[in-house]
Amino acid sequence: MKPVASMSAHLFLRLCGIALLLTLAYFGGQGVARISDGSAALLPVSGAASTSWGLGFGEPGTPPTGTVSANTLKKYDAYYIEETAEKKLYLTFDCGFENGNTPAILDALKKHDAPATFFVVGHYLETSPDLVKRMLAEGHTVGNHTYHHPDMSKISTEADFAKELESLETLYQEVTGEPISKYYRPPQGIYSEKNLQMANDLGYHTFFWSLAYADWKQDDQPTHEQAFDKLLTRIHPGAVVLLHNTSKTNGEILDELLTKWEEMGYTFHPLSELCGA
């Protein structure tokens with residue numbers, strides 16, 4: 001007969017093993033496991049299962065891993081990075097509303113002759129049409145961030161999915177007199193494989209990102225030093241950079257940030273080069 005202490009230890013190890021399996025099963029069901037700084041560990045996602053886009057970072061200056069691989073995304077004409085050794089990057093901004101920072105952002109982009117893509121929602125088009133027109137006049141691209149900014153992974157029918165994108169297309173055409181570029185960014189980065197296919201069926205290129213930081217919290221804006229710490233150490237060849245136009249910090253640092261990236265040897269390119277359209 002085994003000693004009582006030995007049996008207890010054996011039982012403890014079995015319970016630990018069961019707990020570990022349950023934990024892994026839970027995160028597998030979630031599609032993605034959150035790790036520090038809003039990043040995410042790489043786990044598979046398929047079918048109608050939804051997940052939030054996230055990143056896992058390695059050494060400074062090296063490309064991160066995405067929730068799924070670049071090759072997997074390409075099946076749906078979706079992108080988060082360009083796989084290249086060239087020091088090129090793609091600037092993108094998510095525009096939920098206007099609070100006075102976009103003019104400074106546009107000024108910095110113009111100074112550096114840096115093209116950007118602005119993903120807008122219906123509210124932004126309704127309240128800031130002149131800024132959208134300025135974006136176009138200064139050579140930028142405007143993309144579709146949906147009309148109402150919902151969790152698109154919860155929209156199950158193709159008709160309802162299309163309505164969110166097409167209603168923004170209609171308003172954009174009324175405001176600018178031009179059709180919107182077929183560039184789509186899922187609100188909050190939440191998506192499913194089914195969503196990616198729906199967007200592709202509507203003729204859209206879907207764009208995630210390979211570099212971002214916590215710049216969206218209006219009552220907790222990062223300091224300039226905190227912003228530079230993330231954006232300079234994590235920049236990498238082929239980066240798709242996500243910034244928010246609502247960020248006061250971004251409006252204040254963008255000119256200096258673009259200068260620092262240029263000094264590091266980076267050049268700025270439009271998303272059309274990444275997706276070929």
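Bear in mind that the values here come from a model prediction, so they are computed numbers and not experimental data.
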Residues at least two apart in sequence or cross-chain that pass salt bridge (Lys or Arg N to Asp or Glu O under 4.0 Å) with Lys133, listed by chain then number, are none

Q) Is the shortest side-chain N to carboxylate O distance from Arg134 to Asp107 below 4.0 Å? A) yes

Gln221 meets the side chain to side chain donor-acceptor pair (under 3.5 Å) criterion, sequence neighbours left out, with Ser247, Thr249

For His205, the ring-ring contact (aromatic ring centres under 6.0 Å, His included) test, sequence neighbours excluded, returns Tyr183

Please report the C-alpha distance between Asp215 and Asn250 in whole Å, then the side-chain angles of each, then the deciding distance to 0.1 Å, and finally whether the side chain to side chain donor-acceptor pair (under 3.5 Å) criterion is met. CA-CA 8 Å; Asp215 60 349; Asn250 288 342; 2.8 Å; yes

Taken in chain and number order and not counting sequence neighbours, the residues that satisfy side chain to side chain donor-acceptor pair (under 3.5 Å) with Asp94 are Arg185

Side chain to side chain donor-acceptor pair (under 3.5 Å) filter on Glu166, not counting sequence neighbours, yields none

- Same cluster (ILVMFWY, side-chain, under 4.5 Å), Ile190 and Leu55: no

Contacts satisfying ring-ring contact (aromatic ring centres under 6.0 Å, His included) that involve residues 107-136 (not counting sequence neighbours) are Phe93-Phe118, Phe118-His140

Tyr76 meets the side chain to side chain donor-acceptor pair (under 3.5 Å) criterion, sequence neighbours left out, with Glu193

The ring-ring contact (aromatic ring centres under 6.0 Å, His included) partners of His149 (sequence neighbours excluded) come to His145

Residues passing the salt bridge (Lys or Arg N to Asp or Glu O under 4.0 Å) test with Asp255, sequence neighbours excluded, are Lys111

Check your understanding: Step by step, would you call Asn245 with Thr102 a side chain to side chain donor-acceptor pair (under 3.5 Å)?
Key -> CA-CA 6 Å; Asn245 75 308; Thr102 306; 3.1 Å; yes

Residues at least two apart in sequence or cross-chain that pass side chain to side chain contact (heavy atoms under 4.5 Å, CB included) with Pro63, listed by chain then number, are Ile81, His236

Where the side chain of Thr92 meets the backbone of Val241, is there a donor-acceptor pair that is under 3.5 Å apart?
yes

Sorted by chain and residue number, the ring-ring contact (aromatic ring centres under 6.0 Å, His included) partners of Tyr90 (sequence neighbours excluded) come out as none

Across all chains, not counting sequence neighbours, the ring-ring contact (aromatic ring centres under 6.0 Å, His included) partners of Phe208 are Trp53, Tyr191

